[in-house]
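Residue numbers begin at 1 in each chain, while the letters A, B, ... track the order of the sequences.
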Protein chains: 2
Amino acid sequence: MVDDLLVTRPIAEASLRRLPLYHRYLETLKAQGAKYVSCPEIGLALKADPTQVRKDLEAAGITGRPKVGYELDVLLAGITDFLGWNNTNEAFLVGAGHLGEALLGYPQFSRCGLNIVASFENDPAKIGTRLRGKEVLAIETLPELARRMHVHIGIITVPATAAQKIADLMVEGGIRAIWNFAPVQLVLPQDVILHNEDLYCSLASLSRKLADLLRREAQVKHLKEQTAVSAAYLEGGFF
Amino acid sequence: MVDDLLVTRPIAEASLRRLPLYHRYLETLKAQGAKYVSCPEIGLALKADPTQVRKDLEAAGITGRPKVGYELDVLLAGITDFLGWNNTNEAFLVGAGHLGEALLGYPQFSRCGLNIVASFENDPAKIGTRLRGKEVLAIETLPELARRMHVHIGIITVPATAAQKIADLMVEGGIRAIWNFAPVQLVLPQDVILHNEDLYCSLASLSRKLADLLRREAQVKHLKEQTAVSAAYLEGGFF
DNA sequence: GTTATATAGAGAAAAATTTATCGATATATT
DNA sequence: AATATATCGATAAATTTTTCTCTATATAAC
């Protein structure tokens with residue numbers, strides 16, 4: 001009973017990560033003038049199991065109608081709502097390098113409830129300038145500003161060696177969640193959320209998939225050659 | 001029997017993604033002069049279950065010794081080996097914008113078996129220049145070059161609207177795995193690996209964790225206030 | 001109106017993943 | 001030398017996640 005109030009509706013991390021994909025696909029459907037959509041249709045487009053799609057939507061508290069599917073507008077609104085994209089979270093970004101600028105340039109973050117309000121730098125040459133329309137401020141000013149402005153999210157796009165220092169400043173400023181793009185394991189208080197975006201881990205996954213694919217193909221090729229050799233023997237009348 | 005040859009040792013995606021984290025931590029240990037390491041130690045440092053660490057290492061085919069743990073050098077070599085970081089994969093990167101430049105600047109990709117050999121662009125102003133020491137080539141030249149150089153990996157860092165066209169060119173060039181940073185669902189032949197790096201999905205996960213945290217805290221605060229009120233009533237002698 | 005059909009909804013089954021347990025073993029200590 | 005202890009290795013249990021199956025329902029076709 002009380003638990004319902006204490007936490008948001010529980011959902012598997014994997015489901016949560018699929019919902020934005022559905023949302024994106026549904027928007028393209030809407031742009032094409034569609035009014036209704038079914039789970040099999042979504043599954044087909046996104047190469048996902050239809051039942052899984054249905055379970056994900058169920059987890060997000062969205063219902064449809066048998067034989068009809070889901071009303072597109074209701075579904076889009078439901079996902080938006082469930083993901084909290086109506087409420088904006090303000091964020092500070094630290095590290096006005098290329099990655100930082102790329103993130104500031106991401107067009108749709110604001111529509112996903114993320115508003116990067118300023119960026120911070122160490123480099124005096126950059127401080128005081130503007131990046132993608134956002135002020136570049138001195139890193140020392142972060143803690144106080146974060147407190148004053150009640151900014152809850154910090155994004156770290158500095159080199160690995162500097163990341164822990166930045167994280168400490170963020171914690172000092174009362175930041176509650178850190179989106180870390182630096183390849184280091186940050187040490188944080190228990191009540192601060194750490195979300196690592198680690199491209200090396202991602203690369204490991206990609207590399208292995210490719211290695212599997214290439215190995216499989218090499219094996220198939222090898223088997224084919226063997227078969228060809230056997231066939232040649234047969235043709236030659238060895239048996 | 002034959003299956004052993006057909007595919008690499010099977011491993012859970014989640015395990016695979018943890019191995020680079022272990023590797024990174026182990027390198028810092030090695031730098032500190034350590035010779036041996038145990039699963040509980042790794043687990044403690046990386047906030048992972050020790051049994052899970054052991055299972056991951058087992059999946060990678062690495063063995064240790066009871067009571068002692070793992071020899072650091074053997075363990076590092078084992079992970080490197082398992083992840084295929086000894087063999088280099090060459091890659092083409094398309095989209096010489098900020099994200100592309102950030103990726104080209106990632107210091108350690110080469111140590112993880114990824115060698116980005118060139119980048120490609122649409123913008124004539126950029127073509128012919130160099131980015132992080134790598135040539136910026138015209139996008140039309142990609143298919144032939146990919147074939148000639150046997151490049152197997154394509155990295156897409158162009159805007160969403162251009163991504164599918166780029167993917168098609170990559171497929172035309174015989175590229176086997178695409179690391180896609182654009183927020184679109186690419187349509188590819190079945191035998192081409194697609195690895196999406198979708199920050200919006202990642203953001204959804206972060207946002208929800210934060211929302212949960214803040215809601216929980218608000219609830220706790222509310223309960224405390226209620227308790228305080230009750231206490232006041234009690235003090236006032238209402239009962 | 002009746003029948004056929006596609007799809008949500010609900011629950012069960014299966015698969016995968018994580019966590020716990022216990023015995024075996026190598027080292028350190030007494 | 002005997003004992004204690006930490007950790008691997010293997011197995012089992014628990015949990016989570018995915019997939020399957022069946023039923024009910026809304027629409028369309030006849």
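- Interface remark: the A:Lys67 side chain does form a donor-acceptor pair with the C:dT5 base, using a distance-only criterion of under 3.5 Å.
- As a whole-Å value, the separation of A:Ile11 CD1 from D:dT15 P is 21 Å.
- Side chain of A:Thr63 to backbone of A:Glu58: no donor-acceptor contact under 3.5 angstrom is found.
- Following rounding to the nearest Å, B:Lys35 (NZ) and C:dT27 (C1') show an atom-to-atom distance of 19 Å.
- With A:Tyr200 contributing its side chain and B:Gln108 its backbone, the two residues share a donor-acceptor pair below 3.5 Å.
- Proximity of B:Arg54 to the phosphate of C:dT21: no side-chain N or O atom is located under 4.0 Å from OP1 or OP2.
- Computed from coordinates, the B:Ile42 CD1 to D:dT7 C1' distance equals 12 Å when rounded to whole Å.
- Contact between the side-chain N/O atoms of B:Arg65 and the OP1/OP2 oxygens of C:dA26 is not found at any separation under 4.0 Å.
- For A:Ile62 and C:dG9, the CD1 to P distance is 10 Å, given to the nearest whole Å.
- Between the CG atom of B:Leu57 and the P atom of D:dA10 there is a distance of 13 Å, given to the nearest Å.
- With respect to B:Arg176 and B:Asp191, a salt bridge is recorded, a charged nitrogen being found less than 4.0 Å from a carboxylate O.
- Going from atom OH of A:Tyr36 over to atom P of D:dA26 covers 13 Å, rounded to whole Å.
- At the phosphate of D:dT7, OP1 or OP2 sits under 4.0 Å from a side-chain N or O atom of B:Ser38.
- Following rounding to the nearest Å, B:Glu71 (CD) and D:dT7 (C1') show an atom-to-atom distance of 16 Å.
- Using a 4.0 Å heavy-atom cutoff across all strands shown, B:Pro40 reaches sugar-phosphate atoms only and no base atom.
- If you check distances only, the side chain of A:Lys55 does reach the base of C:dG11 with a donor-acceptor pair under 3.5 Å.
- Distance from the side chain of A:Arg18 is smallest to D:dT18 among C:dA20, D:dT18, C:dT17.
- Comparing D:dT19, D:dG9, C:dT19 by their nearest atom to the side chain of A:Thr51 picks out D:dT19.
- Cation-pi check for A:Arg54 over A:Tyr70 is not met; the charged atom does not lie both under 6.0 angstrom from the ring centroid and within 45 degrees of its normal.
- Using a cutoff of 4.0 Å between basic side-chain nitrogens and carboxylate oxygens, A:Glu13 and A:Arg17 are scored as salt-bridged.
- Nearest nucleotide to the B:Asp49 side chain, out of C:dT7, D:dT18, C:dT19: C:dT19.
- Taking 4.0 angstrom as the limit, B:Tyr70 places a side-chain polar atom (N or O) nearer than this to OP1 or OP2 of D:dG9.
- To the nearest angstrom, P of C:dT17 lies 11 Å from CG of B:Leu16.
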